**Q** 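Sharing a structure here in structure tokens format.
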Amino acid sequence: MAQRTFSIIKPDAVRKGSTGAILAEIEKAGFKIVAIKKQSISKQQAEGFYHVHLGKPFFKGLTEFMSSGPLVLLVLEKDNAIADLRKLMGATNPADAEEGTIRKKFASSMGENAIHGSDGEETAAFEIGYWFAGYELI
Ligand code: UDP
Ligand code: MG
């Protein structure tokens with residue numbers, strides 16, 4: 001059954017001019033783009049989004065990085081979207097990411113790793129609702 005997930009093309013990838021190439025990979029993999037917007041976010045917004053990582057050693061660097069420049073927020077849909085996007089993204093550390101994955105192709109480090117994807121149904125629902133209003137999902 002069609003499922004929705006949430007994704008971000010992170011500031012490193014936007015800065016490098018990889019937005020279009022990453023979107024092409026996503027569409028080639030069969031995802032429908034339900035919603036898309038490019039914007040900059042505040043550190044506070046990044047902290048709220050990543051609240052599950054509060055207290056971890058990388059939290060400060062992560063939230064500073066995510067608020068360092070424009071990013072692209074996405075809602076994606078396909079059968080098995082959540083797991084399939086995680087597979088397409090590759091491992092968090094690009095050094096461990098499989099050939100052909102987005103992080104292998106576009107990420108430069110563990111912190112600046114090009115793309116975010118929801119890790120489960122509950123997080124997908126929270127993350128979609130955090131960035132998008134119902135009327136934006138078409
Ligand atoms: N991160 C980091 N150092 C770490 C672990 C994570 O900088 O040791 C960053 C990285 O950008 C990662 C994000 O924090 O994508 C969220 O971490 P998570 O473990 O949820 O990885 P993901 O789900 O993005 O693969
Ligand atoms: Mg995660």
Side-chain angles (χ1 to χ4, degrees):
M1 215 183 78
Q3 184 184 55
R4 284 180 178 182
T5 191
F6 173 77
S7 182
I8 301 178
I9 301 175
K10 294 187 179 183
D12 58 318
V14 173
R15 262 194 289 274
K16 283 185 209 154
S18 302
T19 301
I22 292 174
L23 286 173
E25 298 273 343
I26 288 170
E27 286 195 314
K28 207 165 42 176
F31 291 88
K32 177 186 158 208
I33 297 172
V34 174
I36 179 168
K37 55 188 178 188
K38 182 181 179 185
Q39 65 178 66
S40 295
I41 67 168
S42 68
K43 185 146 182 288
Q44 244 180 344
Q45 285 177 310
E47 288 167 356
F49 175 68
Y50 277 121
H51 70 277
V52 294
H53 293 308
L54 185 67
K56 294 190 186 158
F58 58 86
F59 185 74
K60 184 165 179 280
L62 173 62
T63 53
E64 279 170 3
F65 163 60
M66 291 300 282
S67 54
S68 69
L71 41 68
V72 178
L73 306 168
L74 295 161
V75 178
L76 303 172
E77 188 173 276
K78 83 185 277 296
D79 288 350
N80 207 28
I82 295 170
D84 285 1
L85 180 66
R86 296 290 304 189
K87 216 179 296 163
L88 180 65
M89 286 162 50
T92 308
N93 186 345
D96 304 328
E98 276 182 55
E99 278 313 316
T101 61
I102 289 174
R103 281 171 167 166
K104 183 72 178 187
K105 288 183 192 168
F106 299 99
S108 40
S109 68
M110 176 83 142
E112 308 208 352
N113 59 3
I115 188 165
H116 167 86
S118 308
D119 63 7
E121 274 181 50
E122 265 178 49
T123 29
F126 164 75
E127 292 177 353
I128 291 169
Y130 190 82
W131 296 111
F132 289 94
Y135 66 82
E136 294 178 286
L137 306 174
I138 49 168

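As the structure is a computational prediction, the values presented were derived from the model and not from experiment. Indexing begins at 1, ligand by ligand and atom by atom, following the structure's order.
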**Q** Could you tell me whether the side chain of T101 and the main chain of L88 form a donor-acceptor pair under 3.5 Å?
**A** no

**Q** Does K87 come within less than 4.0 Å of D84, counting only side-chain N to carboxylate O?
**A** yes

**Q** Counting non-hydrogen protein atoms only, what is the nearest one to atom 1 (N) of ligand 1? Give residue, atom name and distance.
**A** F58 CD1, 3.5 Å

**Q** For atom 19 (O) of ligand 1, find the nearest protein heavy atom and state the residue, atom name and distance (0.1 Å precision).
**A** H53 CE1, 3.9 Å

**Q** Quick test: of every protein heavy atom, which one is nearest to atom 25 (O) of ligand 1, and how far off is it to 0.1 Å?
**A** T92 OG1, 2.6 Å

**Q** Please report which non-hydrogen protein atom sits nearest to atom 24 (O) of ligand 1, along with the residue it belongs to and the distance in Å to one decimal place.
**A** R103 NH2, 3.0 Å

**Q** At less than 4.0 angstrom from any non-hydrogen atom of K10, what atoms of ligand 1 do you find?
**A** 11 (O), 12 (C), 15 (O)

**Q** Are the side chain of S42 and the backbone N or O of Q45 linked by a donor-acceptor pair below 3.5 Å?
**A** yes

**Q** Please check if the distance between the ring centroids of H51 and F126 is under 6.0 Å.
**A** yes

**Q** At what distance, to the nearest 0.5 angstrom, does OG of S18 lie from CD1 of I102?
**A** 10.5 Å

**Q** Answer yes or no for M89: is there a heavy-atom contact with ligand 1 below 4.0 Å?
**A** no

**Q** Who's closest to atom 23 (O) of ligand 1 heavy-atom-wise, of R86, K56, H116?
**A** R86

**Q** So which protein heavy atom does atom 8 (O) of ligand 1 come closest to, and at what separation?
**A** M110 CE, 3.3 Å

**Q** I'd like to check E136 versus W131 (side-chain heavy atoms, cut-off strictly below 4.5 Å). Are they in contact?
**A** no

**Q** Whether the side chain of S118 engages the backbone of T5 through a donor-acceptor N/O pair (distance < 3.5 Å, no angle test) should be reported.
**A** no

**Q** Would K37 pass as a cation-pi partner of F132, given that its NZ or CZ must be under 6.0 Å from the six-membered ring centre and within 45 degrees of the axis?
**A** yes

**Q** Against ligand 1, does D119 come closer than 4.0 Å with any heavy atom?
**A** no

**Q** May I ask you to check whether N113 has an N/O atom sitting below 3.5 Å from an N/O atom of ligand 1?
**A** yes

**Q** For G111, counting its heavy atoms only, list the atoms of ligand 1 lying under 4.0 Å from any of them.
**A** 7 (O), 11 (O)

